[in-house]
Amino acid sequence: MSETANDHVLAEIRSGILLITLNRPRRLNAWDAPMRARLLGLLADAAADAAIEAVVLTGTGTRAFCAGQDLNEGATFDGDRAEAWIGEWEGLYGAIRGFEKPLVCALNGLAAGSAFHVALLCDLRIGHAGSSLGQPEINAGMVSAMGFWIIREMLGLSRATELVLTGRMVPAEECHRIGLLHHLVPDAEVLPRALGLAAELAAKPKLAYRLNKARIRMATQPGFEDTFRAARALHREAFTDGEPQRVMQGFLDKAKP
């Protein structure tokens, strides 16, 4: 039986908290278009459902929250598809930024590229010693337009430049020290702590919580819009040239048994 996006993105409600689990462990939970659409739909439903007070986002396994873009999909893009793909990310990131209820990320492992962006857009992040975060896109021949913006917002220009140009993954202890991870706990405690923190946030005055998130969104919206304008142009240029596809296909060829 073939798997679907519903198999790759699981959803269950625990005491008023929607737990969303990326469930594609054989590919380190890397996402493709159907998974992104499923996540977007779940967030929209949660936003409209008064019975859901918060969302926790996590992944299956202990190795990866999400490895980011599925290279099997990205290697097929041309310039037109790459520009449309950036539009899809703008919709998902915008939905996360506009989600008015608590949204907590339980980082059960690494978060790379677009998964790093999604994690940073959540309200709080909890990880364990294996929860490395980073922007390895350059190593796959890809531009890190969106990654540069969000790292600069959180850490400043110097660190954003270093992480985007080196593509290194930042280990958990460093992530915790510089504020990318809010809580660092043993791996077995990541999800329970995330669920507990989501419940704590959900118990706060709801109007104040919503308006605080709105203020954060308003303060960063000009940069958000600018980065997607740039991302469309930069990714179109890169994928029209073909370098990202060539590098990604090289990775895929090496991975074949």
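Please read these numbers as outputs of a predicted model, since none were measured by experiment.
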[X] versus [Y], closest heavy-atom pair with distance:
X	Y	answer
Gly91	Leu40	O-CD1, 3.9 Å
Pro136	Gly113	CD-N, 3.6 Å
Tyr209	Leu201	OH-CD1, 3.4 Å
Ala198	Ile17	CB-CD1, 3.9 Å
Leu181	Ala172	CD1-O, 3.9 Å
Ala140	Val247	C-CG1, 3.5 Å

Output yes when a side-chain donor or acceptor of [X] lies under 3.5 Å from a complementary backbone atom of [Y], and no otherwise.
X	Y	answer
Asp241	Glu237	no
Gln249	Ala75	no
Ser144	Glu137	no
Thr227	Trp149	no
Lys101	Val55	no
Asp123	Leu103	yes
Asn29	Ala64	yes
Lys206	Ala202	yes
Asn108	Gly59	yes
Asn23	Thr60	no

Ion pair check, Asp32 and Arg38, cut-off under 4.0 Å: no

Pair Arg24 + Glu3, salt bridge at N-O below 4.0 Å: no

Worked verdict on Arg168 versus Leu163 for side chain to side chain contact (heavy atoms under 4.5 Å, CB included): CA-CA 6 Å; Arg168 76 177 179 95; Leu163 291 178; 3.9 Å; yes

Does [X] share a hydrophobic cluster with [Y], counting links as ILVMFWY side-chain heavy atoms below 4.5 Å and allowing steps through other members?
X	Y	answer
Leu22	Met169	no
Met154	Leu107	yes
Leu121	Val9	yes
Phe224	Ile96	yes
Phe116	Leu234	no

Which distance, rounded to the nearest 0.5 Å, do you find between the [atom1] of [X] and the [atom2] of [Y]?
X	Y	atom1	atom2	answer
Leu197	Cys105	CG	SG	12.5 Å
Glu174	Arg159	CD	CZ	6.0 Å
Ile151	Ser158	CD1	OG	11.5 Å
Glu153	Ile216	CD	CD1	11.5 Å
Thr58	Ile20	OG1	CD1	11.0 Å
Asp78	Thr240	CG	OG1	7.0 Å

Mutual orientation of the aromatic rings belonging to Trp89 and Tyr93 [parallel < 30°, tilted 30-60°, perpendicular > 60°]: tilted

Parallel, tilted or perpendicular, as decided by the 30° and 60° cut-offs, for the rings of Phe77 and Phe239: tilted

Derivation of the salt bridge (Lys or Arg N to Asp or Glu O under 4.0 Å) call for Glu88 and Arg81: CA-CA 10 Å; Glu88 294 168 8; Arg81 179 67 186 97; 3.1 Å; yes

State whether a side-chain donor-acceptor pair under 3.5 Å links [X] with [Y].
X	Y	value
Arg125	Ser131	no
Gln135	His117	yes
Gln221	Glu225	yes

Worked verdict on Arg36 versus Ser114 for side chain to side chain donor-acceptor pair (under 3.5 Å): CA-CA 11 Å; Arg36 296 192 295 271; Ser114 52; over 6 Å; no

Crowding at CZ, Arg63 (>12 non-hydrogen neighbours, <6.0 Å): no

Identified side-chain contact (heavy atoms from CB on, under 4.5 Å) counterpart of Phe65 within the set Leu133, Leu57, Leu110, Val190: Leu57

Check: Arg14 and Leu191 side chains under 4.5 Å, non-hydrogen atoms: yes

Audit row: Met142, Met248, side chain to side chain contact (heavy atoms under 4.5 Å, CB included) steps and yes/no: CA-CA 9 Å; Met142 296 176 67; Met248 283 188 270; 4.2 Å; yes

